[in-house]
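Labels below follow one simple rule: chain letters A, B, ... track the order of the sequence lines, proteins then strands, and each chain is numbered from 1.
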Amino acid sequence: QKEVEQNSGPLSVPEGAIASLNCTYSDRGSQSFFWYRQYSGKSPELIMFIYSNGDKEDGRFTAQLNKASQYVSLLIRDSQPSDSATYLCAVNTGDSSYKLIFGSGTRLLVRP
Amino acid sequence: NAGVTQTPKFQVLKTGQSMTLQCAQDMNHNSMYWYRQDPGMGLRLIYYSASEGTTDKGEVPNGYNVSRLNKREFSLRLESAAPSQTSVYFCASSDSLGNTEAFFGQGTRLTVV
């Protein structure tokens, strides 16, 4: 079982809709959770990070963390065609190494 | 504002050849990483360095070696390239291992024929 799981998609939503991206992780000791966006042929770039249970909002983006369910999600409100990209969930391992492990990513397509 | 710089950007190798991918960061970060990205596989951690002088294996270390030359530089070496190592390689750095934002280089597209 992969340590960080994401649905590969593509997730297709119309412009202006809410896009919901999900991620589950296997290590109960994980403490830090990140969402990266990657455009085709480009490097990943950080969208949001979250450390505590609950919601964290930044503009059109909301990250949600539920450690009991080992689940982290990213909501994108008022989706724009420019949001079309692959979204990567990353989690640090709960052992003493704290290395950063990525999921395989979800491709999001926002239709004009 | 260079950030994380990787060289080269593109490389074609023949099976059995060796090469070193270079990575340097100018953000005074303690931790550095090497990932490979294959279609549908996301980013897989090859090796990482929590701080200057330390290196550790990640998820897929076989066939690779690394050197943390100093705080700025972290190189990845392929001793005998194989077609299975055809991939896009990303170097990244962060202030604290696994706990703070990782900044990525522009990637190296490697093809082994």
Trainee: Out of curiosity, does A/F102 fall in the hydrophobic cluster containing A/V72 (side-chain heavy atoms, cut-off under 4.5 Å, transitive links)?
Mentor: yes
Trainee: Are A/Y71 and A/I76 connected into the same hydrophobic cluster when the rule is that any two of I, L, V, M, F, W, Y join if their side-chain heavy atoms are below 4.5 Å apart?
Mentor: no
Trainee: Are A/L100 and B/L45 packed together at the side-chain level, in the sense that at least one heavy-atom pair is separated by less than 4.5 angstrom?
Mentor: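 No - every pair of side-chain heavy atoms lies 4.5 Å or more apart.
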Trainee: Is it the case that one hydrophobic cluster holds both B/I46 and B/L78, taking links as side-chain heavy atoms less than 4.5 Å apart, direct or via other members?
Mentor: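 Hydrophobic grouping puts B/I46 with B/L78.
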Trainee: Taking non-hydrogen atoms and a cut-off under 4.5 angstrom, which of residues 28-37 of chain A neighbour chain B?
Mentor: A/S32, A/F34, A/Y36
Trainee: Identify the heavy atoms of A/S43 and B/G107 that sit nearest to each other, and give their distance.
Mentor: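 Closest pair (atom of A/S43, atom of B/G107, distance): OG-N, 4.4 Å.
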Trainee: So which part of B/A92 gets closer than 4.5 Å to some heavy atom of chain A, the side chain, the backbone, both or neither?
Mentor: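 For B/A92, neither part sits under 4.5 Å from chain A.
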Trainee: Are A/V4 and A/M48 in one and the same hydrophobic cluster, where Ile, Leu, Val, Met, Phe, Trp and Tyr link if side-chain heavy atoms are under 4.5 Å apart?
Mentor: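 A/V4 and A/M48: one cluster.
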Trainee: Write out, in numerical order, the residues from residues 29-39 of chain B with a heavy atom short of 4.5 Å from a heavy atom in chain A.
Mentor: B/Y33, B/Y35, B/Q37
Trainee: Hey, quick one: are B/V66 and B/L110 part of the same hydrophobic cluster, counting side-chain heavy atoms closer than 4.5 Å, chains of contacts allowed?
Mentor: yes
Trainee: What part of A/L46 gets within 4.5 angstrom of chain B, counting heavy atoms only: side chain, backbone, both, or neither?
Mentor: both
Trainee: To the nearest 0.5 Å, what is the distance between CZ on B/R44 and OG on A/S104?
Mentor: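 Separation between the atoms: 11.0 Å.
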Trainee: Step through the shown structure and confirm whether more than 12 heavy atoms of other residues, nucleotides or ligands are within 6.0 Å of CZ on B/R72.
Mentor: yes
Trainee: Counting only heavy atoms from other residues, nucleotides and ligands, does the tally under 6.0 Å from NZ of B/K57 exceed 12?
Mentor: no
Trainee: Which pair of non-hydrogen atoms, one from A/P44 and one from B/F104, has the smallest distance, and what is that distance?
Mentor: O-CD1, 3.7 Å
Trainee: For each of A/Q38, A/K42, A/Q6, tally heavy-atom pairs with chain B at distances under 4.5 Å, and name the one with the top tally.
Mentor: A/Q38
